[in-house]
Every structure is written in C-alpha cells, then in structure tokens.
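In the text below, chain A, chain B and the rest are named by the order of the sequence lines, each starting its count at 1.
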Amino acid sequence: MADAVASHFWISSGPYFSSALMLLPTVPLSNAELCSNIKIYDCDGALANQIDSTLSNDSALILESENLLSLCKPQAGMTYAHVEVSGNVEAKVRLHTQEGASFMAPSQLIDENNSAFYPLLIAEERVALATLVNPFPESAMVTLRLVSGKRSPEITREVPGFGARVFCLQTEFDDYTNVAPDHEFPAYLRIRTRSKIAVQLIDYAEQVNRKGIFKAVT
Amino acid sequence: MQSSIASVKWMTFGLSDALNSTLVHFFPSAGAITAPYPAHCTLSIFGRGLSPNQVVLDGARLSQPDGVRVEDAFSEIREQNINIFGIQIEIGSSQAKLNLSHSLCIIELSANGLATKFHPVRIEDPLVEGLRNFAAIKDCFQQTSLISVNPTSEIFRPAVYSLRADGQTQELGMEGVLPGSAHEQFLPDSLFEGLKPQQCSWGLARVRSVLIKPVAEVSQYIVYRDPVTRRPMSVCKV
C-alpha cells in the first residue's frame with residue numbers, strides 16, 4: 001500500500017465561484033470501500049471540520065464546498081479554507097460558475113530552493129488570484145513578484161500555520177496593473193518563500209454578459 | 001555537493017486552429033543561484049503531416065520567466081493547418097556547472113480569450129509505478145479525453161482501464177497512436193453505462209475512476225472539454 005501523502009487545496013464556497021472536492025480511490029481493493037480523511041482549516045488555521053469518508057471503487061465521492069466550509073468564517077469578502085486530504089485517494093477540486101467548470105490540482109508545494117511561476121494576462125476583464133495554503137503549524141512569509149517587461153514589483157505576505165490566504169493581484173499591484181479597456185499585456189507571477197508553503201493561481205476571464213470562468217493551473 | 005543537471009526536458013502537445021493557439025512559458029532556474037546567467041530554450045515539434053523541426057530561443061536568463069507562442073516560432077503549423085502536434089521543450093545553459101533541475105514550464109492553450117494552463121510531463125522524472133488514477137466525467141460541464149504524445153518510432157496503444165466496484169479492472173479498447181504523432185481520443189460513453197449519476201448543485205454528474213499506465217517514452221494527458229463548445233477546460237498530465 002502506498003504511503004498516504006496528503007494533498008492540500010485552497011477551496012472557496014463563494015461568492016464568485018463554488019468548488020467541489022472529488023475523491024477517487026488510487027488503489028483498487030476487493031472490499032470496494034476505502035477511507036479518506038479530510039481536514040478543513042479556516043483561513044487563520046483553526047481546525048473547523050474533519051470528515052472521514054468511505055469511497056467505492058468505481059465512482060467518485062463529490063463533496064461540495066458549501067457543505068465543507070459551512071463552519072468557516074469569511075475573509076477578504078470570500079469564504080475559503082485550507083483543505084487537507086489524506087488517504088489512498090486521488091483528490092481534485094472543480095471550480096464552477098454558471099458558464100462552466102474547470103479542474104484545480106492540489107496546491108504546489110514550494111520551498112527555499114523551489115519557487116513557483118505563473119503566466120498572466122493583465123487586462124480589464126481579467127482577475128488573477130494567488131492562493132496560498134500553509135500545510136505546517138508555523139506561519140510562513142511569502143514573496144510575490146510581478147514580472148512585466150522591465151518592472152518587477154514585489155510584496156511580502158504572511159500565512160498563519162495551517163491557514164490560507166488569497167490575494168487579488170490587480171489589487172496588490174494596482175499601480176502596475178491598470179490597463180485601458182481593450183488593452184492587455186503579458187506578465188508573470190513569481191512566488192517564493194524561505195519556509196514551505198503550497199500555492200496556486202486562479203485566473204478569471206470575463207466572457208459574455210459579465211459572466212466568466214475561473215481556471216487554475218493543473 | 002550539488003550535482004549539475006545541464007538541461008531539463010518536457011514533452012507535451014499543442015493545439016492550433018483558427019481559434020486556438022499554444023504558448024510555452026518557461027522559467028530557467030538553478031535553485032538558490034539567482035544570478036542572471038544566460039540560458040536557452042529549445043522547442044522541437046513533430047506530428048502527422050508535420051516535418052520535425054527545431055527552434056532555439058536564445059536570450060533567456062536564469063531566474064527570469066519568458067514565453068513564446070508556438071505558432072510564431074513554427075509558421076508551418078498554421079500554413080499546413082496542423083491541429084494537434086507534439087512539442088519537446090528543453091531548457092539548457094552554457095554554464096555546465098549549473099543544476100537546472102529547478103526549472104519550470106507551463107503550457108497555455110489559448111482559445112478566444114480563455115486560457116487553459118497546465119504543467120507538462122517532465123522527461124526523465126522518476127516514473128510512477130503501477131497505474132495512475134483519474135476521473136472520467138460526463139456531465140453538463142465536461143467530457144473526458146486522452147491525448148497521447150508519441151515521439152517513438154512504434155505505434156503506441158494507451159493502456160486505460162475502468163475500475164469496477166469489486167476492484168477488478170476492465171481494459172478499454174483505445175486506438176493506437178502512430179509514431180511521431182499526437183492523438184486525442186475520447187473515452188467511450190459505455191464507460192458510464194450502469195453508473196448511478198450523482199445529484200449535485202449543477203445537475204447530474206457521472207464520475208468514474210479510470211486507471212492509466214504511464215509510459216516513459218510517451219507522454220499522456222487527460223483533457224476535460226466543454227461538451228458544447230468543445231473548448232479544453234482543464235488538462236492533467238499522467
């Protein structure tokens with residue numbers, strides 16, 4: 001049996017999009033039931049909920065975020081949490097709006113030697129969210145750098161132990177992301193830390209009638 | 001003592017048509033060494049109806065992200081209406097002592113304002129033993145397909161299995177992928193027959209576990225497309 005390596009997610013239940021956690025067994029077993037453990041930490045790292053679930057071999061267990069995060073407090077206008085999934089399961093999160101759905105892989109673990117980078121498109125109708133979850137009990141300092149042409153402003157933020165944070169890049173770097181309508185320019189986000197933390201980028205692209213789709217890097 | 005890894009390679013696919021284009025974003029990195037040593041990125045393409053070609057992008061720097069639209073580097077993709085093709089990406093440096101294993105790559109499929117971004121398969125990464133598990137989905141938002149990128153000189157047949165409730169596996173009959181090509185095939189609807197749908201807030205969803213055998217020489221990707229627009233919404237490497 002494989003070691004149960006935990007997956008860590010940043011999950012939100014609104015108001016901009018909803019999420020669904022999908023769990024699949026990684027190892028087929030003859031008894032057709034598997035167990036996974038799900039821990040939900042609120043944005044400040046307090047354990048808000050814990051779920052032990054059984055799975056069947058042939059279908060996924062779908063847990064919607066409104067149920068998972070019902071005990072979590074909102075922060076920065078959103079209700080979100082750090083969700084840890086462990087057990088012999090493959091876990092993915094699907095982001096939903098009325099316009100469509102996309103998958104989000106577990107947050108990428110970075111450390112002193114391994115940073116993260118994400119391509120962005122800065123435009124009026126786009127929003128980029130940098131999401132951070134801290135899998136460890138100690139708080140972590142994280143540096144986010146926006147690279148665009150010859151400019152590379154950076155900010156440093158703290159994520160509490162087991163907690164989560166979300167940063168809208170258009171707000172955090174507002175001096176560098178103002179763009180005229182119908183104009184756009186490419187940029188990159190670099191995220192680095194001296195500790196260890198898990199990161200993910202969620203992009204929002206507005207489509208018709210001010211509705212859009214949120215997407216993450218998988 | 002840190003060993004030097006002179007180059008890092010990835011293997012992926014690209015999609016190109018009137019609405020879609022493919023971008024390669026790369027980040028040369030030597031970990032704690034952040035001095036802007038020169039680096040280069042080599043793109044190699046192949047596919048059905050496409051002569052293998054290679055372009056070297058000079059001017060990259062360590063710790064500085066960069067990117068290129070594949071159709072700009074290889075004009076033949078548009079000229080010959082190549083819809084799907086294989087790409088090998090290699091990051092290297094003339095500084096032989098650098099360890100480039102910390103380098104990163106992200107592929108972007110850009111379609112009419114929407115971007116689908118994913119991490120490609122890194123060549124020479126340790127191969128996961130056994131079968132990898134993925135979700136095959138059929139609902140109002142997504143349908144599931146498998147893209148295989150076969151750079152070898154032999155036909156490759158993906159080994160894909162559905163998982164039954166009793167834990168037994170059943171192999172799905174997948175088509176062979178021609179040598180030197182990339183090919184997409186949708187998972188059959190029969191995969192979802194007999195599967196009880198789950199009632200979710202967005203409607204009924206059928207999600208079945210699918211097992212895929214990773215292969216060192218061939219990179220494989222699960223693609224989730226919108227069933228109405230057929231746009232790729234998510235791509236997951238195997």
(message) Quick check on A/T97 against chain B: is it the side chain, the backbone, both or neither that has a heavy atom closer than 4.5 Å?
(response) backbone
(request) Give, as side chain, backbone, both or neither, the part of A/E184 having an atom under 4.5 angstrom from any heavy atom of chain B. (result) neither
(request) Considering only heavy atoms and a distance below 4.5 Å, find which of A/M22, A/M104, A/Q108, A/R190 pairs most often with chain B. (result) A/R190
(message) Under a 3.5 Å cutoff, is there a donor and acceptor pairing between the side chains of A/K215 and B/S234?
(response) no
(message) Need one label for B/Y224: side chain, backbone, both or neither, based on atoms under 4.5 Å from any heavy atom in chain A.
(response) side chain
(request) Let me know if A/A101 has heavy atoms under 4.5 Å from chain B in its side chain, its backbone, both or neither. (result) both
(request) Just give me the residue among B/D139, B/L195, B/D226 that pairs up with chain A most often, heavy atom to heavy atom, under 4.5 Å. (result) B/D139
(request) Counting only heavy atoms closer than 4.5 Å, note whether A/E64 contacts chain B via side chain, backbone, both or neither. (result) side chain
(message) Tell me which of these, A/S152, A/P119, A/A20, has more heavy-atom pairs under 4.5 Å with chain B than the rest.
(response) A/P119
(message) Using heavy-atom distances under 4.5 Å, tell me whether A/R192 contacts chain B through its side chain, its backbone, both, or neither.
(response) neither
(message) Between B/T229, B/I107, B/V228, B/I106, who has the most heavy-atom pairs with chain A when the cutoff is under 4.5 Å?
(response) B/I106
(message) So which residue, B/V210, B/L23, B/V235, ends up with the most heavy-atom pairs under 4.5 Å with chain A?
(response) B/V235
